[in-house]
Every structure is written in C-alpha cells, then in structure tokens.
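Note sheet for the following structure.
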Protein chains: 2
Amino acid sequence: MANDKFVSQIADIEEDFPRWYTDVVVKTKLVDYGPVKGTMVIRPYGYAIWENIQREIDARFKKAGVENAYFPLLIPMSFMTKEAEHVEGFAPEVAVVTHAGGAKLEEPLVIRPTSETIIGHMMGKWVESWRDLPLRMNQWCNVMRWEKTTRPFLRTSEFLWQEGHSVYATGEEAEAETQDMLHLYEEFAKNVLCMPVLVGRKTEKEKFAGAVATYGMEAMMHDGKSLQAGTTHYMGQNFAKAFGVQFTDKDGALKYGYTMSYGVSTRLIGALIMTHGDQRGLILPPPVAPVQVVIVPIAQKKEGVLEACNALCEALKGEGVRAKVDDSDNSPGWKFNEWEMKGVPVRIELGPRDIEGGKMLLFRRDTCEKCEAALGDTACVKALLNSISRDLYGRAKARMDERIVGANTLGELLDGVNGGNFVRAGWCGERACEDKVKEFAQATARVLDETNDMPVCVCCGKRAKHTVFFARAY
Amino acid sequence: MANDKFVSQIADIEEDFPRWYTDVVVKTKLVDYGPVKGTMVIRPYGYAIWENIQREIDARFKKAGVENAYFPLLIPMSFMTKEAEHVEGFAPEVAVVTHAGGAKLEEPLVIRPTSETIIGHMMGKWVESWRDLPLRMNQWCNVMRWEKTTRPFLRTSEFLWQEGHSVYATGEEAEAETQDMLHLYEEFAKNVLCMPVLVGRKTEKEKFAGAVATYGMEAMMHDGKSLQAGTTHYMGQNFAKAFGVQFTDKDGALKYGYTMSYGVSTRLIGALIMTHGDQRGLILPPPVAPVQVVIVPIAQKKEGVLEACNALCEALKGEGVRAKVDDSDNSPGWKFNEWEMKGVPVRIELGPRDIEGGKMLLFRRDTCEKCEAALGDTACVKALLNSISRDLYGRAKARMDERIVGANTLGELLDGVNGGNFVRAGWCGERACEDKVKEFAQATARVLDETNDMPVCVCCGKRAKHTVFFARAY
C-alpha cells in the first residue's frame, strides 16, 4: 500500500521526464519554490549535497593554489557598460537596485549576474608589478539572472555558484589555466558526481559575453538532452583593458594582463539527478549523498535490534561513512520506499534473525540488488559504495557513448536529436549554418570535437572547419 | 630601515585607535573598499579567517543537530510589513530592487537584511503537525543593511553571516534554544577567538525588531568600547502568527509555533582584531590564523637551508599545523616585520648555524618572546600554539575584568566610560533613564547582569530592577 502510494506520486520518467524531475526534487525535499517567481529554497537535503560538492571542489582549488575571497553583491551599472559584449549579454537579465536607505540612489546598482566587472575593477587596483602575478581567486556566492522560464537547480533567477577569476602576465598562461580548470571540472564530474561529460570549446555564438573563447562541459541527461554543467572562459585582454588591469613587466614596460574565469553552480545538482535518477526517484552518487547508508531496523521493538543498528551506524561513521538509523515509527516498507525515493546508495536491513545469524542484508539503490554480509563488516559496505560509484559512472558513460551518433545531413541530424542522441556533424564555421540547425532541429552546438573528422558541413555541404556535438539542451 | 618603514605605516594604537584599525585591516590585506560606498571586498587573507570561523561554528551547529539550508536573497516588500515592529526596525535600511529583466516589477523586492520573514513564510508551508517540530535550520549567506557610517567588518552595507532559525511547539523549548545558542557562541568566542565576552539579556530598547527577548554577547575592545559580537532572539509567536506557522498538536488542536533566531557575522573578524592587536599590527588567535607558523630561512641561499625549512614545514603540516615557508626575495628583517604585522602566531627562524646545531628559533607574536627548540620538534610548536591561545584569552580576560567598574551616579558612570571601562550600575527599568544615560554619557545598556546586586538606579535613584553593563559601543 505505502509502496503504491509512493510510486504514484512521481510522474513516469519515460512518459513525462520534465514532470518526473519537478516531482522528484520537490517530493524528496531537495528544494521548494520561493515566494518570488523563479526563486528556489534549497532545503537541508539539497543543501547537504551542495556542501559535499563545495567541499570536493574547494579542496581541488586549494590544492591548485587558488585562494577564496569575497566581492560585493552590488555592482555599479556603469561597470557593466565598460565591456561592450558583456553588457549586451547580461543587461537584459539583471535585477536593479534603485533605492536604498530610504532614498533614491544616484547611480542604479545591479545585483551581480557574474563578477568579471567588479573583480576586474579590484584587480586594477591591486596589480602593479609582474611580481603580483598571477593573481588567482575564487568566490562562493549567490548570483542573479532574471530568467523567464525557470526550473529548480536548472535555471532560477538566483543560484549559488563558485566563480574563479585569474589574471596572468601572458595570454599563454591564462589560456592554459582555462584548460586546466576545464579538466579539473571534468575529473570532478567523473569521480564525485559519477557523471561522464564532453568537454570542448564553444562556438562564437555560444560563448560567454566578453570572452575570447569559452569552453564547456556537457552532460547527457536521461532524455538525451544536454546540460551545460560548467564553463571556463579565456578573456584575453578584454576585461583587463576595460578595467585598467596593468602591470609593470620585468622589462619595465607597462602592459595589460590577461584574464580568465570559470564557474560551476547548483545546476550540478540538477545534472546528477537527471543523469542517474530512475522511476523510483533519486539515485545519489555516494561521494555527494548526504546519507550514504541508511539502516532500517526490522522488528525494531524487539530487544537488541535498535542497539545493534546504532552500533553498526557508529562503526560506519567511525570509518567516515555518512550513515543513519531510521528509527521512526513508520513501517519498514514505508522506510524502504522513502529512502529509495531519496536515493540513498545503500540500505542495510537488520532484524532479530540477522543479528542472531551474525549477518546483515545490503540493498544497493542503483541496481536494486540485495546481498548478505557479516554483521559489522564495514569494509564490505565501503567496497559496495565504491562499486556503486564506479558502476553509476560506467552505466552513464556507456549510455552516452551509445547515444552519440553521426550525421551528414540536416535530416539525419534531426532524426538523431529526435531519438535523444548527441549528434556529431561537420560544420563550416558560419553562423548562418549554426542558426539553421537550431531552426531546423532545435539543436545547438554544445562543444567542438577535437577529433575533427567530419568532412562536410551538415547544413551547407561545404568543407567543414569543425566537427561539432549538436544536441537539444537545457 | 624596513623595520621603521613598516611601523610608521600604522597609526599609533593608543593615540588614534580608529585609524590604527583601518590602517591594519587594509595594510595586512584582510580587506579593501568596494566601489559602492559602504561595501567591502574580503581579500584572501581575511576570507581565510572567515573560513576558519565558519568551519568551527558549523561543526558546532551540526553537532547540535542544526541543518543548513538556503533561502532566497529577495523578499517581497509586503512580507516586511507583516510584523509591525520588524518593518519599523528594518525598513529604513533596506536596499530595494524595483526593476528586473528589463521591466519594472509589480511589487518591489528587498534584499534580505535578515530572513525571519521569508523563512517564516516557508515554515508556514512546511510545518503541519507536531511531528514536524522542532524545525531547526541555519544558512550562511550575505545580507544587506544600508548604513550611513561604515567601517570594514564592523559595519558595512553588505556583510556575511550565519542566521539560524528554529520553530518549536512550546515557548519553553524555543527559549531554551535561545540560551543554548548564546552559550554556544560564548564557548566559541572563548576557545576559538580567545576572546572573553559578557553574555546576557538586552533591554527592550536594544532588542531585535520583532523579538520578545534578545540576548547578546559583548566583547571589550582595546579602547574599552563594547562590540556586540553575536545575538540570539526569542520571538514568541510574533513571527509564527504573522506568517501562519501553525501545527496540529498531539491533542488535535491547531496551534501557532514559537520561533527563535541567532546570528554571528564577519564582524567577528573586527572583534578579534580589536581585542588582540597591538602597535605592530594584528595578533591572530591560532585557531583561526590562516598561517599559524611562518618559517623564515636565514641565509636562504646557503646549501640545505631551504630544504630544511621545507622539510620542517611539511612535518608541521602533517601534524595539522597551517605552516608556510617564506622563501621570497625579501630580507629576513622585512619578512619578520611583514609577518608580525599580519599577526602570524609563531615564527620559526632557521639558518645554517641552527641546522648544524640541530635547533630552531621560535618567536611568539603575542609576547614577542623567543625561545629555542630542537629542530623538527613539532610537538613543541603545537604546545606553543596552545600556550598562545590560552595566554591571549587570559590576558584579554584579565583586562576586561580590570576594566569593569561599578557606578552609583551618572557622574561615576561617565567617569567610568571615559576611562575606557564597562560600567555596572543599577537601573530602574524605565526607558527614560536608559535614554538619559545615553545622552549624558554616550553609553548604552549592553546586557543585563544576572548578578542583580546594585540597589538603586544610577539615573533616578529609585529602586533598581536590574543591574546593567553600560558601555560605549561600536
């Protein structure tokens, strides 16, 4: 009964994937809708995932020598206009503060949609000599982009992210960091989110407003659409010139620096949900799951059961496993359903007979397989968590690989994306052809493929300059 | 030479303490001024202190069972008016978003000055039954209060903080948590910031807008003024009624919950600077110092010196000490001055003769004493860090205790605060007398003293209801 009720609360993942997504994120209490249109409240179960993501990424940044800082939320409107492409890209979506402290402001202030401008301004103050370079900083903060259509985690007017910003003496160094951070993200996606990604350069049309080049990592969602899960940008001297980031080089000459930036956001939570989830709900990758192991007592009122569950829980915690005993009044069946919906990687069932037999029952959420282990064998539980991580990645990778198809014509490209695939196709490099693909197949160029092996443009038939991964995208 | 230059950059701490403070925070690169008036940029050295503060507090919250979440930055203006005292207190200092996405908004939105209203609104959605209570959440975020006079860390239009919010079924439980969190802060101040505080209830005049009761912790700064370093608030049913936070109790009746909140902010960084600093600059408490031990090589170009320094640094890091080798081109004297100004608790000097003799020279920043230890004796370094923490607290505590004086008349009270003291005095409980003290001595009631032993009101001479700690305050 409880079982049926649970499943029926979530839309069918194959029939209505968008509805499945919103059902799952709300019903598992990851998130709720805020009172202002397009805003979200990240509830404790969702925020705990974000904390795990932050910890993993932040450790990688610190190891790479990047330092955290914090820059103001409010940016003078005039800053936005200093870089021509930047203002064109972001002005339409900013939120504007016009009044504060009971009075009208002399100059309107925008809530940061991203911080290249204000950080450029401060770098201009701080950088004087080649000795000050490179300057590499990151901030964890909230940003605001007023969006018309919103969905929790995927696109909301306010979201949380990190934005890293560096200035180097040479373009080569700044470009190298743009690549390095892209690969840091790729490694993180693989090992922490168990999520395969495609990485590569974006087209001019898809690049960041004000960048010389943008690189992205794209992940394939359950429905075959692509989700941009992180980007890095090489700015050349665009922002350095706009904000006077100049330094005296070793040769005594005054030169402009070269800047780059990179960011990932709470969107990653949406990405992992739509990569791994199934009909029952969430499947959380062990490295970010707030609860990695839930212990469900069977006949919990029988003597010794709760004690055994708690002892096992403490042993697991002692080994660094995020474990929890569900000793609520609900039935075991209800608990099974709830924790399956919430995507906890491993469930341990423990009752009087198990305790007597010195064993425990392990259930893995990803495959719904069960196996037995010796009671208290924490090494076995840890090994199972590792297997789940590896298998989650392996299955997602195999699915993505299967669903990358080639196309030589617009018709083939349309068939490909209609079938829920990423489509590899040649492209002449002209904006007109890129626009045509969008119009004809509602697909965009996600990233360029370095294996540049498609000979002709899928649209105009001329010689291809690039091979592109086209896909429909979130 | 370098020595002289350094000291002269900082105003005299006894002659011009406000200037000393701004000199120190800017020159040590803790902070810089943002482009918008009243905003600050927290630079990496300052942000690292905040990260250490966050880690310590967050661990205490998690241990206490509080979960982190994230609520939206923007609050509908109409929410602010639902609690009458709250809007009166905060409306004058809010920043208002009137336009977004290229259009005028139907309803103006305020940037959160604090989140009781929006969290009350969400709790109203989430809480249904006594089973949902207590609900205890915290968020780490930025808030905005438009202030006329600002100073980095102490009072800025935007600052970072944590705000915890709980709803309970009974007033007793909510009041108990208000006390528990106050004592959590007190313990944190003592053991992490090495900072003694006075804790107690605030007067009606000084309480939070919308609270039934506010409790504060107050710290004594170098100049004898008080700094409010954290507050907890018991709201009774004020916000629950304003936002419909109702639950069905065990008896089947629909009841309003009881809420409370608590917060500390980046102001704590200002507090620790003004508690421990001296003429040379910062003195950072070891538990939050970004660099706890700096190793300065002597004759660093001599063979084996840098290697020995790096080996020592790695050994210290392996023991969990935040250590760093300064292998820059600057002279040892320059390095000594810089790291003293930056408040690093322990400096280790290591040169060819030390290495040959198997020893190292330790310098402790707080007392400027030197001692020798066996090269590589990490236990000795850790013990020294612990001694410094203990002594910093001990000295600050002794200074505060010395500078708490009693007063029976307004004249004595004025003399007391003029002398840089906290003044204990009786108070009849009337607002008029509290206002008179402010007018006469520019001192405010910081907290009530539970040792209620002063018989008459310092102002009107009538029977005292409370004993109050009066002080001038930041």
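Please read these numbers as outputs of a predicted model, since none were measured by experiment. Every chain is numbered from 1, with letters handed out A, B, ... down the list of sequences. FYI, side chains are in, hydrogens and waters are out, and symmetry mates aren't considered; it's all heavy atoms of this structure.
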> What residue, out of A:Thr39, A:Asp32, A:Val110, has the most heavy-atom pairs lying under 4.5 Å from chain B?
Replying inline: A:Asp32
>> Need one label for A:Ile118: side chain, backbone, both or neither, based on atoms under 4.5 Å from any heavy atom in chain B.
In response: side chain
Under 3.5 Å, side-chain donor or acceptor atoms of residues 89-102 of chain B against the rest of the protein: list the pairs with distances, not counting sequence neighbours.
from: B:Thr98; atom 1: OG1; to: A:Thr98; atom 2: OG1; distance (Å): 2.6

>> Quick check: do B:Trp126 and A:Arg43 have side-chain heavy atoms less than 4.5 Å from each other?
In response: yes
> Given a strict heavy-atom distance threshold of 4.5 Å, which part of B:Phe79 is in contact with chain A: side chain, backbone, both, or neither?
Replying inline: side chain
> For the atom pair OH (B:Tyr47) and CD (A:Glu67), what is the distance rounded to the nearest 0.5 Å?
Replying inline: 13.0 Å
>> Counting only heavy atoms from other residues, nucleotides and ligands, does the tally under 6.0 Å from CD of B:Glu107 exceed 12?
In response: yes
> So with a 6.0 Å cut-off around CD of B:Gln54, is the heavy-atom count from everything else above 12?
Replying inline: yes
> With a cut-off of 6.0 Å (strictly less than), are more than 12 heavy atoms of other residues, nucleotides or ligands near NZ of A:Lys125?
Replying inline: yes
> Do you know which of A:Glu147, A:Met40, A:Arg131 has the most heavy-atom pairs with chain B at a distance under 4.5 angstrom?
Replying inline: A:Met40
> Between B:Trp50 and A:Asn68, do the side chains contain an N or O donor and an N or O acceptor separated by less than 3.5 Å?
Replying inline: no
> Could you walk me through whether A:Ile119 and B:Val41 pass the side chain to side chain contact (heavy atoms under 4.5 Å, CB included) check?
Replying inline: CA-CA 9 Å; A:Ile119 293 179; B:Val41 176; over 6 Å; no
>> For chain B, which candidate among A:Leu105, A:Val36, A:Ile42 shows the most heavy-atom pairs at distances under 4.5 Å?
In response: A:Ile42
> So which residues of residues 70-77 of chain A are in contact with chain B at a heavy-atom cut-off of under 4.5 Å?
Replying inline: A:Tyr70, A:Phe71, A:Pro72, A:Leu73, A:Leu74, A:Pro76
> With respect to chain B, which residue among A:Met122, A:Lys148, A:Arg145 yields the maximal number of heavy-atom pairs within a distance under 4.5 Å?
Replying inline: A:Met122
> Between B:Lys62 and A:Glu51, is the closest basic N to carboxylate O distance under 4.0 Å?
Replying inline: yes
